[in-house]
Amino acid sequence: MAISQQLSILQSGVPAWNAWRAANPTILIDLSEAFLYGSYLSGADLHDADLHNAILHQAFLQQADLSHANLSEAILHDADLQVANLNHACLAAAILSFANLRNASAIEADLTGADLRGADLTDTQLNGAKLDEVIWTPEYWLP
């Protein structure tokens, strides 16, 4: 379960969160099961964070650093992840239906090495996303 102090800092805004992360680089981030429905987290430093079972439905995560984050079983339905860094993130069994990961600029959403086994990718926008070395469930594999 999410650590309430960390959740409170995140909810106070991305600039405060990123400053706190920079000042506390060794603290493990536990935002598991956090209710972040519709949250504005664009540019947030969430690398290595535990966000499993988090509710990120309709969250704004453009340019967020989610590299190496645990987003297993998270609900990212209709989330905006344009230009997000999901490099080596675990998205196993996550709900990514209608999520937007398409390229909106010269930089693309990076899912290099991400684990998407069992993820719901129904109508997910992946055009232009970086998909090198992604681990897919065979029925969801995209060329």
Practice task
State plainly whether one hydrophobic cluster holds both Leu131 and Leu121, where clusters connect Ile, Leu, Val, Met, Phe, Trp and Tyr through side-chain heavy atoms under 4.5 angstrom apart.
Solution key: yes
Exercise for the section: Decide whether Leu46 and Leu7 are clustered together by the hydrophobic rule: side chain heavy atoms of Ile, Leu, Val, Met, Phe, Trp, Tyr closer than 4.5 Å, transitively. Expected result: yes
Practice task
Check the pair Leu111 / Asp132 against side-chain contact (heavy atoms from CB on, under 4.5 Å), numbers first and verdict last.
Solution key: CA-CA 7 Å; Leu111 285 105; Asp132 301 329; over 6 Å; no
Problem - Donor-acceptor pair, side chain of Arg21 and main chain of Asp45, under 3.5 angstrom - result: yes
Practice task
Mark yes or no for whether Ser12, through its side chain, and Ile9, through its backbone, hold a donor-acceptor pair below 3.5 Å.
Solution key: yes
Exercise for the section: Calculate, to the nearest 0.5 Å, the distance between atoms CG and CG belonging to Asn70 and Asp48 respectively. Expected result: 10.5 Å
Fill in the blank from the handout: In this structure, CG of Asn85 is separated from OG1 of Thr112 (nearest 0.5 Å) by 8.0 Å
Fill in the blank from the handout: Nearest heavy-atom contact between Ala54 and Leu31 is CB-O, 4.0 Å
Problem - Within-4.5 Å side-chain heavy-atom neighbours: Leu71 and Leu56 - result: yes
Handout entry: Same apolar cluster (I L V M F W Y, side chains within < 4.5 Å links), Ile75/Leu96
Key = no
Problem - Single-linkage hydrophobic cluster, 4.5 Å side-chain cutoff, Ile95 and Leu41 together - result: no
Exercise for the section: Check whether the ring centres of His57 and His77 lie less than 6.0 Å apart, and answer yes or no. Expected result: yes
Handout entry: Audit row: His88, His68, side-chain contact (heavy atoms from CB on, under 4.5 Å) steps and yes/no
Key = CA-CA 5 Å; His88 290 91; His68 299 273; 3.5 Å; yes
Handout entry: Side chain Asp50, main chain His52, donor-acceptor under 3.5 Å
Key = yes
Practice task
Report yes if the side chains of Leu36 and Leu10 come closer than 4.5 Å at any heavy-atom pair, otherwise no.
Solution key: yes
Practice task
Could you tell me which non-hydrogen atom of Leu91 sits nearest to which non-hydrogen atom of Ala114, and how far apart they are?
Solution key: CD1-CB, 4.4 Å
Completion exercise
The single option from Asp115, Leu116, Ile135, Leu51 that satisfies side chain to side chain contact (heavy atoms under 4.5 Å, CB included) with Cys90 is Asp115
Completion exercise
Heavy-atom closest pair (Ala44 atom, Trp17 atom, distance to 0.1 Å) is CB-CD1, 4.4 Å
Exercise for the section: Please state whether the rings of Phe35 and Tyr37 are parallel, tilted or perpendicular, taking 30° and 60° as the class boundaries. Expected result: parallel
Exercise for the section: Answer whether the closest heavy-atom distance between the side chains of Gln6 and Ile29 falls below 4.5 Å. Expected result: yes
Practice task
Rounded to the nearest 0.5 Å, what's the gap from OG on Ser42 to CG on Leu81? Could you check?
Solution key: 9.5 Å
Handout entry: Whether Asn18 side chain and Trp20 backbone form a donor-acceptor pair below 3.5 Å
Key = no
Fill in the blank from the handout: Here the gap from Ser67 atom OG to Asp110 atom CG, rounded to the nearest 0.5 Å, amounts to 9.0 Å
Practice task
Kindly indicate whether the side chain of Leu86, heavy atoms from C-beta on, has any atom under 4.5 Å from the side chain of Leu101.
Solution key: yes
Practice task
Would you indicate whether the side-chain heavy atoms of Gln58 and Asp78 approach each other to under 4.5 Å?
Solution key: yes
